[in-house]
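One structure is given below, encoded as structure tokens.
Every value quoted in this text rests on a predicted model; they were computed, and no experiment measured them.
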Amino acid sequence: MILLSDRRISAIALGDTGEPMIDLREVPELRIDSRLADPAGAYAHLREGVAHRLLDAQRVLPDGLRLLIVEAYRPLRLQKTYFEDYKAELRAAHPGWDDDRLHTEASKYVSPPDVAPHSTGGTVDLTLCTEQGLELDMGTEVNASPLASADACFTGSPHISATAREHRDLLSIVLSGVGLVNYPTEWWHWSYGDRYWALQTRSARTRYGPVASV
């Protein structure tokens, strides 16, 4: 398992196609959850090409199912806060870990800010729901941490029900089918064009670099 703290990730050259960000709340075919809504609406912004890929993925879902978008773009300042807060949580739970260990373990849940996928606008946290908005059983909640879920948040975790496994597999099939890649410690986290995507697809550089704001 390659983590975002791996030096192979930070070594990938940054490129950017200049593709615009769009507000997913203006795409009627997609359902946007508001649990992480911010006043500026940053959470609902995504690169235009990735939004089109989500629409393509949704079209091949079984009748009655939809993608439910929880968070897309995340400003770098917020990424830094999330990362430091989770490191502090891990430090309290494991006082014997040194800073290198804390950095690596924290990267299983929150990306180090210097390689943050969400800040490129090419990454999305999402799940599956019914037409009525009822979320499917995915084994854990979206954004369940490894610490709190005993690693059940890992995409390939064996410690989930058969139903949850079926739903995770379905999500993986439709999203990988349109070119997105999953971060294996978070079943809900999918990206395109960022450094993790570049590593997984053996691309020389990213398609998207950090976005300062929306």
Side-chain angles (χ1 to χ4, degrees), residues 4 22-47 50-74 78-79 82 85-86 89 108-111 116-118 121-192 194 196-197:
L4 282 160
I22 64 169
D23 190 336
L24 298 178
R25 294 170 296 182
E26 298 175 1
V27 182
E29 298 92 342
L30 292 173
R31 185 182 290 270
I32 315 301
D33 186 271
S34 62
R35 75 190 73 174
L36 293 178
D38 60 286
Y43 80 106
H45 283 74
L46 191 67
R47 297 279 187 157
V50 184
H52 289 314
R53 290 173 186 274
L54 294 183
L55 289 171
D56 289 341
Q58 183 166 266
R59 291 186 187 103
V60 298
L61 284 172
D63 289 345
L65 295 184
R66 300 273 298 276
L67 297 176
L68 179 63
I69 314 302
V70 175
E71 185 181 24
Y73 174 69
R74 184 185 298 158
L78 186 56
Q79 186 70 32
Y82 284 172
D85 285 353
Y86 190 56
E89 185 179 343
K108 293 179 180 179
Y109 181 51
V110 186
S111 170
H118 278 282
T123 298
V124 61
D125 293 341
L126 75 176
T127 187
L128 293 171
C129 69
T130 66
E131 290 282 2
Q132 293 73 36
L134 180 65
E135 292 182 45
L136 272 58
D137 176 13
M138 305 296 286
T140 73
E141 298 291 328
V142 172
N143 288 330
S145 73
L147 186 63
S149 71
D151 294 344
C153 60
F154 287 21
T155 307
S157 172
H159 305 300
I160 59 174
S161 69
T163 298
R165 168 55 50 206
E166 182 179 345
H167 294 159
R168 287 191 190 185
D169 289 347
L170 174 61
L171 188 66
S172 295
I173 288 168
V174 300
L175 293 176
S176 62
V178 296
L180 275 68
V181 301
N182 172 244
Y183 190 47
T185 64
E186 300 177 340
W187 60 261
W188 57 84
H189 178 109
W190 291 82
S191 68
Y192 180 85
D194 66 318
Y196 201 80
W197 168 88

Side chain of R31, backbone of E131: donor and acceptor closer than 3.5 Å?
-> yes

Do you know which two heavy atoms are closest between P146 and Y109, and how far apart they sit?
-> CD-CB, 3.5 Å

Report yes if some heavy atom in the side chain of I32 is under 4.5 Å from a heavy atom in the side chain of Y43; otherwise report no.
-> yes

When the ring planes of Y183 and Y196 are compared, do they come out parallel, tilted or perpendicular, using 30° and 60° as the limits?
-> perpendicular

Roughly how far apart are Q58 CD and E29 CD, rounded to 0.5 Å?
-> 8.0 Å

Roughly how far, to the nearest 0.5 Å, is OH of Y192 from CG of L54?
-> 12.5 Å

How many angstroms lie between CD in E166 and CE in M138, if you round to the nearest 0.5 Å?
-> 10.5 Å

Spatial distance of atom CG (D33) from atom CD (E135) [nearest 0.5 Å] = 6.0 Å

Can T163 and D137 be counted as having a side-chain donor-acceptor contact under 3.5 angstrom?
-> no

If you measure only the distance, is there a donor-acceptor pair under 3.5 Å linking the side chains of W188 and T140?
-> no

Hey, are D125 and R74 close enough for a salt bridge, meaning a charged N less than 4.0 Å from a carboxylate O?
-> yes

Nearest-0.5 Å distance that lies between atom CG in L65 and atom SG in C129 | 8.0 Å

Look only at the side chain of D169 and the backbone of I173, and say whether a donor-acceptor pair between them is shorter than 3.5 Å.
-> no

Any chance CD of E141 has more than 12 other-residue heavy atoms, nucleotides or ligands included, within less than 6.0 Å?
-> no

Which heavy-atom pair separates I160 from G139 by the least distance, and what is that distance?
-> CG2-CA, 3.9 Å

Got V110 and Q79 here, is their nearest side-chain heavy-atom distance under 4.5 Å?
-> yes

In sequence, state the C-alpha distance, the side-chain angles, and the governing distance for H52 and R47, and then conclude on side chain to side chain contact (heavy atoms under 4.5 Å, CB included).
-> CA-CA 9 Å; H52 289 314; R47 297 279 187 157; over 6 Å; no

Say you draw a straight line from CG of L24 to CD of E71; how long is it, rounded to the nearest 0.5 Å?
-> 12.0 Å

Residue pair K108 / F154, side-chain heavy-atom distance below 4.5 Å | yes

Quick one: does L68's side chain get under 4.5 Å of L128's, heavy atoms only?
-> no

Nearest heavy-atom approach of A51 to I22 is CB-CD1, 3.6 Å

Taking S34 for the side chain and A37 for the main chain, is one N or O donor matched with an acceptor at less than 3.5 Å?
-> no

In plain terms, say whether R53 and D56 are close enough for a salt bridge, that is, a side-chain N and a carboxylate O under 4.0 Å apart.
-> no

Can you name the closest pair of heavy atoms from C153 and A144 and give their distance?
-> CB-O, 3.4 Å

Side chains of L136 and L171: does their closest heavy-atom pair fall under 4.5 Å?
-> no

Might you point out which heavy atoms bring A57 and V174 nearest each other, and give the distance in Å?
-> CB-O, 3.5 Å

So do the side chains of R168 and S157 get within less than 4.5 Å of each other, counting heavy atoms only?
-> yes

Flag side-chain contact, heavy atom, 4.5 Å: L175 against L126 | yes

Flag the pair W187 / S172 as yes when at least one side-chain heavy-atom distance between them is below 4.5 Å, and no otherwise.
-> no

